[in-house]
S.K.: 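Sharing a structure, written as structure tokens. Questions coming.
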Amino acid sequence: MANFFDDNKGLQFQLDNPMMKEIIRLKERDYADYGKYDYAPKDYEDAKDSYKRVLSLIGEITGEVLANNAESVDNQGVRIEDNAIIYADGTKENHKALTDAGVYGLSLPRQYGGLNFSYVPYVMAAEIVSRGDCGFANIWGLQDCAETIYEFANDEIKNKYLPMINQGYTCSMDLTEPDAGSDLQSVRLKATFDEENNCWRLNGVKRFITNGDADIKLVLARSEEGTTDGRGLSYFVYDRRDGGVTIRRTENKLGIHGSPTGELVFNNAPAQLVGERKLGLIKYVMSLMNGARLGVGAQSVGLSEAAYREALQYANEREQFGKPIIQFQQVREMLAKMRAKTDATRALLYETARCVDMYKVYEAISKERKLEPEERQILKTYTRLADMFTPLLKLFSSEYANQNTYDCIQVYGGSGFMKDYPCERMYRDARILTIYEGTSQLQVVAAIRGVVSGGYVNRIKEYEQTELAGANKEVLQELRNILLPLREDFEKCVERVNSFGSTSAAHEFNSRRLVEIAGYLVMAHLLILDTDRDEQFLASARLMTKMAQEKIAERKAFILNFEEKDLEDYLALTE
């Protein structure tokens with residue numbers, strides 16, 4: 001039987017990271033739930049065993065159900081019937097299988113029907129599901145809306161909606177509008193308070209809403225009359241059962257056909273305020289978007305894993321000129337790079353997830369008691385790291401998923417261009433990953449702060465100084481010695497770009513090159529550290545170091561030879 005967790009040693013490795021012992025202890029509040037719930041762990045080993053059992057269950061369902069349904073779901077798509085979006089038959093089967101297994105709401109507290117898992121296994125589940133069906137990962141992953149409800153809503157809302165997650169009620173975040181895509185400050189959907197019925201009323205249109213027919217909706221709306229910016233926006237929870245929303249259409253998309261994308265009309269739809277007024281965009285959406293971007297990272301890594309395995313199998317089976325095509329070095333190079341890119345972005349994915357785990361658990365503890373000075377510093381450190389790594393992860397993982405699915409088709413040759421093989425579907429599904437939840441260009445805008453502040457350089461230096469103790473430590477130190485001058489080149493490039501002025505067009509123009517240099521260095525160092533614990537990553541660490549040399553040299557040459565007058569040529573070509 002296919003099991004997408006049990007067959008993935010690279011994924012299992014990340015679950016055994018040394019940080020997990022402290023993350024789980026904090027998440028379990030020193031295992032305070034033991035005895036209160038029959039499935040609460042008594043210690044670290046018990047908790048980790050639960051993680052593995054649940055992930056194995058999800059891996060089995062994904063391998064046996066989701067992956068087998070992916071093609072039929074892609075072909076059937078969705079339809080509107082009686083103001084409801086009807087899933088493809090395979091999507092219904094997927095959702096039922098996971099609901100019946102009781103694995104929705106992994107990270108929610110047990111009092112709401114959740115399993116109280118840390119963020120790392122939750123992200124792993126998203127990666128596993130994405131490997132089976134990238135489109136269905138949106139339906140699965142949008143349960144992350146429950147985290148926002150848990151963190152910011154009042155007890156009445158939490159007690160009503162959070163138990164629904166484990167029962168299979170679906171979620172969506174309704175943010176974008178016809179005239180407000182990434183520019184969420186321009187949201188116009190209006191929220192007015194209904195005194196008589198003690199609720200808010202929502203009126204307006206939302207567009208490009210993933211899982212648009214969801215049961216539980218988090219809606220960004222303008223609550224402050226006369227405002228035009230983000231300070232006038234609040235966040236609301238809407239229950240589909242209450243009516244007031246018309247599904248105008250579903251989008252006919254290039255890929256992820258099983259994930260419905262809807263245009264919705266709100267007509268006096270009743271809703272409840274989440275948290276405080278005016279903080280909808282400034283606080284709540286930003287928190288949710290960071291989680292969504294981490295989810296796209298998991299989706300991208302899962303799809304990269306699927307593409308690599310598909311290409312590897314075909315390369316071993318397909319013969320040309322009397323031998324399997326994997327014996328041709330150019331095919332082997334493509335496959336090797338696919339593997340290295342997948343390992344590298346997975347390392348970055350779980351480095352980010354561990355940082356999220358640490359800051360979220362300390363934030364939760366801070367609501368229960370006053371943090372000690374050392375704890376406040378830990379919270380501050382991991383919040384900063386999570387904010388710094390999240391856009392880097394989203395940028396690289398989504399771009400690599402596109403490259404890997406592209407190369408998967410290339411390995412297949414002409415057959416890959418046909419709909420007879422899953423690589424064609426994977427390629428179409430990958431295209432959205434660099435776009436939704438913030439385009440790659442917007443991730444650069446978010447990540448450049450870590451470049452200018454020195455955050456990436458400081459973290460890279462910490463990686464450089466981490467002691468190596470494994471059997472391959474001499475080889476890994478040689479790789480570090482290659483990366484050391486590249487980090488110095490990075491600092492020179494940052495200095496050069498900063499000399500243009502932080503608000504200049506020249507600075508903005510070179511931002512992506514700086515962010516990409518940071519990414520190559522971070523991923524190479526993470527693979528070195530992973531290899532120090534497990535030699536399965538040695539080849540990927542070597543290859544990523546070589547890729548870092550190549551890519552950083554190219555970007556360094558451009559930046560150090562760049563003059564502000566060069567912008568005139570780009571301007572002339574875009575007029």
S.K.: Do F208 and P178 come close enough that some side-chain heavy atom pair is under 4.5 Å?
M.R.: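 No, too far: nothing below the 4.5 Å cut-off.
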
S.K.: What do the steps show when you test D530 against Q14 for side chain to side chain donor-acceptor pair (under 3.5 Å), and what is the final call?
M.R.: CA-CA 9 Å; D530 284 353; Q14 294 294 340; 3.2 Å; yes

S.K.: Counting distance only, does the side-chain N/O of R459 pair as donor-acceptor with the main-chain N or O of G454 below 3.5 Å?
M.R.: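 Checking the backbone N and O of G454 against the side chain of R459, no donor-acceptor pair under 3.5 Å is found.
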
S.K.: I need the minimum non-hydrogen distance between R487 and V457, along with the two atoms involved.
M.R.: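 It is CD-CG1, 4.3 Å.
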
S.K.: Provide the closest heavy-atom pair for T390 versus T352 in the form atom of the first, atom of the second, distance.
M.R.: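 Heavy atoms of T390 and T352 come nearest at OG1-CG2, 3.6 Å.
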
S.K.: Over 60° means perpendicular and under 30° means parallel, so tell me whether Y456 and F389 are parallel, tilted or perpendicular.
M.R.: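 Rings of Y456 and F389: tilted, as their planes differ by 30° to 60°.
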
S.K.: Decide ring pair (Phe, Tyr, Trp, His ring centres under 6.0 Å) for Y122 and F117; before the verdict, give the C-alpha distance in whole Å, the side-chain angles of both, and the deciding distance to 0.1 Å.
M.R.: CA-CA 7 Å; Y122 171 68; F117 279 13; 10.0 Å; no

S.K.: So, N211 side chain and C171 main chain: donor-acceptor pair closer than 3.5 Å or not?
M.R.: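 Yes, the answer is positive, given that a donor and an acceptor are paired below the 3.5 Å cut-off.
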
S.K.: Quick check: does any side chain N or O of K551 sit under 3.5 Å from a backbone N or O of Y520, one acting as donor and the other as acceptor?
M.R.: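 No; judged by distance alone, with no hydrogens or angles, the pair does not exist.
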
S.K.: May I have the step-by-step check of side chain to side chain donor-acceptor pair (under 3.5 Å) for T210 and N138, ending in yes or no?
M.R.: CA-CA 7 Å; T210 302; N138 288 331; 5.2 Å; no

S.K.: Using the rule given for salt bridge (charged side-chain N to carboxylate O under 4.0 Å, His left out), can you reason through D489 versus K556, listing the C-alpha separation, both sets of side-chain angles and the distance that settles it, and then say yes or no?
M.R.: CA-CA 7 Å; D489 287 343; K556 173 190 172 185; 3.3 Å; yes

S.K.: Has the side chain of T439 got a donor or acceptor atom that lies under 3.5 Å from a matching backbone atom of I435?
M.R.: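 Not a single qualifying donor-acceptor pair exists.
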
S.K.: To check you understand the geometry: which heavy-atom pair defines the closest contact between S397 and V301, and what is its length?
M.R.: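 Closest pair (atom of S397, atom of V301, distance): CB-CG2, 4.4 Å.
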
S.K.: Heavy-atom count around K92 NZ within 6.0 Å, excluding the residue itself: above 12?
M.R.: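 Yes, the 6.0 Å shell around NZ holds more than 12 heavy atoms from other groups.
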
S.K.: Assess the residue pair D16 and K48 against the criterion (salt bridge (charged side-chain N to carboxylate O under 4.0 Å, His left out)); give the C-alpha distance rounded to whole Å, side-chain angles, the decisive distance to 0.1 Å, and a yes or no.
M.R.: CA-CA 9 Å; D16 291 326; K48 196 167 73 168; 3.1 Å; yes

S.K.: Do we see a donor-acceptor contact under 3.5 Å between the side chains of Y87 and E93?
M.R.: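 No, because no side-chain N or O of Y87 sits under 3.5 Å from a partner of the opposite role on E93.
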
S.K.: Is R480 salt-bridged to E464, cutoff N-O under 4.0 Å?
M.R.: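 No, R480 and E464 are not salt-bridged.
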
S.K.: Let's go through R249 and E251 carefully: what are the C-alpha distance in whole Å and the side-chain angles of both, what is the deciding distance for salt bridge (charged side-chain N to carboxylate O under 4.0 Å, His left out) to 0.1 Å, and is it a yes or a no?
M.R.: CA-CA 7 Å; R249 58 177 289 184; E251 304 293 343; 2.9 Å; yes

S.K.: Could you go step by step and tell me if Y51 and L115 meet the side-chain contact (heavy atoms from CB on, under 4.5 Å) rule?
M.R.: CA-CA 9 Å; Y51 286 8; L115 297 179; over 6 Å; no

S.K.: Here's one to test your reading of the geometry: is the NZ or CZ of K341 within 45 degrees of the ring axis of Y400 and under 6.0 Å from its centre?
M.R.: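 Flagged: K341 positioned over aromatic ring of Y400.
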
S.K.: Under a 4.0 Å threshold between the charged nitrogen and the carboxylate oxygen, would E127 count as salt-bridged to R346?
M.R.: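 A salt bridge links R346 with E127.
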
S.K.: Between H257 (side chain) and D74 (backbone), is there a donor-acceptor pair under 3.5 Å?
M.R.: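 A pair under 3.5 Å: yes.
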
S.K.: Between N402 (side chain) and S398 (backbone), is there a donor-acceptor pair under 3.5 Å?
M.R.: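 Confirmed, N402 side chain pairs with S398 backbone.
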
S.K.: Any chance CZ of F13 has more than 12 other-residue heavy atoms, nucleotides or ligands included, within less than 6.0 Å?
M.R.: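 Yes, because the 6.0 Å sphere around CZ of F13 holds more than 12 heavy atoms from other groups.
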
S.K.: Between E151 and K360 (salt bridge meaning N to carboxylate O under 4.0 Å), is one present in this structure?
M.R.: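 A salt bridge is present here (some side-chain N lies under 4.0 Å from a carboxylate O).
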
S.K.: Quick one: does Q143's side chain have a donor or acceptor within less than 3.5 Å of a partner on Y104's backbone?
M.R.: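 Flag not set: sc Q143 to bb Y104 has no pair under 3.5 Å.
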
S.K.: Can you name the closest pair of heavy atoms from S118 and M20 and give their distance?
M.R.: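 Here S118 and M20 meet closest at OG-CE, 3.7 Å.
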
S.K.: Counting only heavy atoms not in K253, do more than 12 sit closer than 6.0 Å to its NZ atom?
M.R.: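 It does: K253 NZ has more than 12 such atoms within range.
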
S.K.: Are side-chain heavy atoms of Y350 and L526 found at a separation under 4.5 Å?
M.R.: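 They are not in side-chain contact.
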
S.K.: Taking the side chain as C-beta and beyond, is there a heavy-atom pair between I61 and L66 under 4.5 Å?
M.R.: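 Side chain of I61 against side chain of L66, heavy atoms only: contact under 4.5 Å found.
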
S.K.: Quick one, E305 with R339, criterion salt bridge (charged side-chain N to carboxylate O under 4.0 Å, His left out). Give me CA distance, side-chain angles, the key distance, then yes/no.
M.R.: CA-CA 8 Å; E305 181 73 33; R339 179 74 270 163; 2.9 Å; yes

S.K.: Please check: side-chain N/O of R513 versus main-chain N/O of F509, any donor-acceptor pairing under 3.5 Å?
M.R.: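 A pair under 3.5 Å: yes.
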
S.K.: Would you check if the side chain of S56 reaches a backbone N or O of K52 as a donor-acceptor pair within less than 3.5 Å?
M.R.: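 No.
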
S.K.: Give a yes-or-no answer on whether the side chains of Q299 and Y436 include a donor-acceptor pair shorter than 3.5 Å.
M.R.: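 A pair is found: one side chain offers a donor N or O, the other an acceptor, under 3.5 Å apart.
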
S.K.: Taking R293 first and then E437, would you say they form a salt bridge - that is, a charged N and a carboxylate O separated by under 4.0 Å?
M.R.: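 Not counted as a salt bridge, because no side-chain N and carboxylate O are separated by less than 4.0 Å.
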
S.K.: Can you find a side-chain donor-acceptor pair between Q185 and D183 that sits under 3.5 Å?
M.R.: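 Result is no, nothing qualifies.
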
S.K.: Taking atom types as modelled and ignoring hydrogens, do the side chains of Y308 and Q313 form a donor-acceptor contact shorter than 3.5 angstrom?
M.R.: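 Their side chains do not contain a donor-acceptor pair, so the 3.5 Å distance test is not met.
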
S.K.: Taking CD in Q12 as the centre, count heavy atoms belonging to other residues, nucleotides or ligands within less than 6.0 Å. Is the count above 12?
M.R.: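 Yes.
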
S.K.: Taking everything shown except Q330 itself, do over 12 heavy atoms lie less than 6.0 Å from its CD?
M.R.: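 Atom CD in Q330 is not packed in, count stays at 12 or less.
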
S.K.: Are L57 and F5 close enough that some pair of their side-chain heavy atoms sits under 4.5 Å apart?
M.R.: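 The answer is no, as the side chains (C-beta and beyond) never meet within the 4.5 Å cut-off.
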
S.K.: Less than 4.0 angstrom from a charged side-chain N to a carboxylate O is my criterion; do R512 and E399 meet it?
M.R.: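 Salt bridge present between R512 and E399.
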
S.K.: Can you tell me if Y427 has over 12 outside heavy atoms packed within less than 6.0 Å of its OH?
M.R.: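 Not more than 12 within 6.0 Å, no.
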
S.K.: For atom CD of Q403, is the number of surrounding heavy atoms from other residues, nucleotides or ligands below 6.0 Å larger than 12?
M.R.: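 It does: Q403 CD has more than 12 such atoms within range.
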
S.K.: Starting from the C-alpha separation in whole Å, work towards a yes-or-no answer on side chain to side chain donor-acceptor pair (under 3.5 Å) for D144 and Y119.
M.R.: CA-CA 10 Å; D144 195 45; Y119 220 67; 2.8 Å; yes

S.K.: Rounded at 0.5 Å granularity, tell me how far CG in L486 sits from CD1 in I552.
M.R.: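 Between L486 CG and I552 CD1, I get 4.5 Å after rounding to 0.5 Å.
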
S.K.: Answer whether the closest heavy-atom distance between the side chains of T531 and L479 falls below 4.5 Å.
M.R.: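 A side-chain contact under 4.5 Å is absent here.
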
S.K.: Would you name the heavy atoms of V331 and I326 that are closest together and state the gap between them?
M.R.: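 Minimum heavy-atom separation between V331 and I326: CG1-CA, 4.3 Å.
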
S.K.: Closest approach of L281 and G230, non-hydrogen atoms and distance?
M.R.: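 Looks like CD2-CA, 3.9 Å.
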
S.K.: With no hydrogens and no angle check, just 3.5 Å: does a side-chain donor-acceptor pair link E333 and Q329?
M.R.: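 No, no side-chain donor-acceptor contact under 3.5 Å.
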
S.K.: State, without any angle test, whether N3 and E64 hold a side-chain donor-acceptor pair at a distance under 3.5 Å.
M.R.: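 Per modelled atom types, N3 and E64 side chains form no pair under 3.5 Å.
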
S.K.: State, with a plain yes or no, whether a side-chain heavy atom of L55 is found less than 4.5 Å away from one of L15.
M.R.: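 Yes; the side chains approach each other to less than 4.5 Å.
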
S.K.: Check this for me, if you would: do E263 and R207 make a salt bridge, where the nitrogen-to-carboxylate-oxygen distance has to be below 4.0 angstrom?
M.R.: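 Answer for the salt bridge query: yes.
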
S.K.: So C145 and I216, do their side chains get closer than 4.5 Å, heavy atoms only?
M.R.: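 I216 does not reach C145 side chain to side chain.
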
S.K.: With side chains defined as the heavy atoms from C-beta onward, is the minimum distance between K206 and V219 less than 4.5 Å?
M.R.: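 With C-beta onward as the side chain, the pair touches.
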
S.K.: Other residues, nucleotides and ligands only: do more than 12 of their heavy atoms fall within 6.0 Å of CG on D100?
M.R.: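 Atom CG in D100 is packed in, count exceeds 12.
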
S.K.: Return yes if some donor-acceptor pair links the side-chain N/O of D213 with the main-chain N/O of I85 below 3.5 Å, else return no.
M.R.: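 Yes, D213 side chain to I85 backbone: donor-acceptor pair under 3.5 Å.
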
S.K.: Do R318's NZ or CZ and the ring of Y412 fall within the cation-pi criteria of under 6.0 Å and 45°?
M.R.: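 Geometry flag: not set, cation outside 6.0 Å or 45°.
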
S.K.: Rounded at 0.5 Å granularity, tell me how far OG in S172 sits from CD1 in I139.
M.R.: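 Rounded to the nearest 0.5 Å, the OG-CD1 separation comes out at 11.5 Å.
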
